[in-house]
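Residue numbers run from 1 in the order of the sequence given. These figures come from a predicted structure and were not determined experimentally.
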Amino acid sequence: VQLQASGGGLVQAGGSLRLSCAAADGFSLDYYAIGWFRQAPGKEREGVSCIRVGGGGSTYYDDSVKGRFTISRDNAKKTVYPELKSLKPEDTAVYYCAAGGGVILSNIANDRAYAYWGQGTQVTVSS
């Protein structure tokens with residue numbers, strides 16, 4: 001599965017961005033959970049959100065983004081959309097999307113549960 005992440009940019013604190021993660025032609029996201037991770041300079045990559053395939057597309061949010069991030073998926077368009085609101089300078093990072101076929105609640109924020117990765121998109125939040 002080839003993934004393309006986009007939508008990052010520079011935004012002021014309190015602003016919003018809508019990211020997207022699209023599967024390349026010939027690939028389908030129908031059977032994969034799509035996770036979003038971010039990595040800030042000098043920090044480890046962390047899982048921030050995920051939308052699963054089953055359970056009506058159940059979602060997960062890390063406490064650091066809960067209430068501010070909303071993730072949705074459009075399988076027909078083979079795209080997942082995380083919407084980031086009330087952005088803070090500490091949200092500044094490169095954001096990556098990833099697809100995993102064996103994602104369960106216990107590994108949902110573990111990057112080793114995801115086999116396919118997009119190239120990342122930079123989100124910069126100014127204070």
Side-chain angles (χ1 to χ4, degrees):
V1 178
Q2 293 183 337
L3 303 173
Q4 178 77 30
S6 62
L10 173 64
V11 63
Q12 289 187 333
S16 301
L17 282 174
R18 191 191 196 204
L19 307 183
S20 65
C21 177
D25 288 345
F27 295 99
S28 171
L29 299 182
D30 288 2
Y31 306 106
Y32 295 93
I34 304 299
W36 280 86
F37 293 78
R38 65 186 180 186
Q39 187 165 23
K43 294 188 177 181
E44 293 186 354
R45 187 163 58 188
E46 61 175 351
V48 294
S49 184
C50 177
I51 186 164
R52 299 175 67 193
V53 176
S58 60
T59 55
Y60 158 83
Y61 301 97
D62 183 77
D63 286 345
S64 64
V65 303
K66 200 170 291 183
R68 301 187 297 118
F69 287 14
T70 304
I71 190 169
S72 60
R73 67 190 297 160
D74 185 334
N75 284 346
K77 294 184 178 179
K78 302 191 298 181
T79 305
V80 171
Y81 304 98
E83 186 158 9
L84 288 52
K85 296 182 178 179
S86 302
L87 284 162
K88 305 175 182 180
E90 51 263 45
D91 293 319
T92 295
V94 178
Y95 283 72
Y96 300 89
C97 63
V103 175
I104 56 178
L105 285 177
S106 62
N107 66 11
I108 202 165
N110 187 333
D111 57 8
R112 287 178 290 180
Y114 299 82
Y116 308 100
W117 290 79
Q119 84 290 0
T121 185
Q122 175 71 48
V123 172
T124 303
V125 185
S126 63
S127 56

- request: Would you please name every residue forming a side-chain contact (heavy atoms from CB on, under 4.5 Å) with L87, sequence neighbours left out?
  value: V11, L17, F69, L84, D91, V125

query: Quick one: salt bridge (Lys or Arg N to Asp or Glu O under 4.0 Å) pairs with a partner in residues 5-14, sequence neighbours left out?
result: none

task: Please list, chain by chain and in numerical order, all residues satisfying side chain to side chain donor-acceptor pair (under 3.5 Å) with E83, sequence neighbours excluded.
output: none

query: Got P89 and S127 here, is their nearest side-chain heavy-atom distance under 4.5 Å?
result: yes

- prompt: What pairs with E46 under salt bridge (charged side-chain N to carboxylate O under 4.0 Å, His left out), at least two apart in sequence or on another chain?
  reply: R38

- prompt: Looking at residues at least two apart in the chain, or sitting in another chain, which of them share a side-chain contact (heavy atoms from CB on, under 4.5 Å) with A5?
  reply: W36, C97, Q119, T121

Side chain proximity check, V123 to T92, heavy atoms < 4.5 angstrom: no

statement: Scanning both residues in full, the closest heavy-atom pair of A33 with R52 reads CB-CA, 4.0 Å

query: What ring-ring contact (aromatic ring centres under 6.0 Å, His included) pairs are there with at least one residue in residues 103-127, not counting sequence neighbours?
result: Y32-Y116, F37-Y114, F37-W117

query: Which side chain to side chain donor-acceptor pair (under 3.5 Å) pairs, counting each pair once, include a residue from residues 5-16, with sequence neighbours left out?
result: S6-S20

query: Who pairs with A22 by side-chain contact (heavy atoms from CB on, under 4.5 Å), at least two apart in sequence or on another chain?
result: T79

message: Going by the rule salt bridge (charged side-chain N to carboxylate O under 4.0 Å, His left out), which residues pair with K66 if we only count those two or more places apart in sequence or in a different chain?
response: D63

Side-chain donor-acceptor pairs under 3.5 Å in residues 102-109, sequence neighbours left out?
residue : atom : partner : partner atom : Å
N107    : OD1  : I104    : N            : 2.8
N107    : ND2  : G102    : O            : 3.3

message: Using the rule that Ile, Leu, Val, Met, Phe, Trp and Tyr join whenever any side-chain heavy atoms are under 4.5 Å apart, tell me whether V65 and I34 fall into a single cluster.
response: yes

task: Might you point out which heavy atoms bring N75 and R73 nearest each other, and give the distance in Å?
output: OD1-NE, 2.9 Å

task: Report yes if some heavy atom in the side chain of Y81 is under 4.5 Å from a heavy atom in the side chain of I71; otherwise report no.
output: no

message: To check you understand the geometry: which heavy-atom pair defines the closest contact between G47 and Y60, and what is its length?
response: O-OH, 4.2 Å

statement: Here the pair of heavy atoms bringing L19 nearest to Y95 is CD1-CB, 3.9 Å

Under 3.5 Å: donor-acceptor pair, side chain of K85, backbone of G15: no

task: Using the test side chain to side chain donor-acceptor pair (under 3.5 Å), find all partners of D74 that sit at least two apart in sequence or belong to another chain.
output: none

- prompt: With sequence neighbours left out, what residues match Q39 under side-chain contact (heavy atoms from CB on, under 4.5 Å)?
  reply: R45, Y96

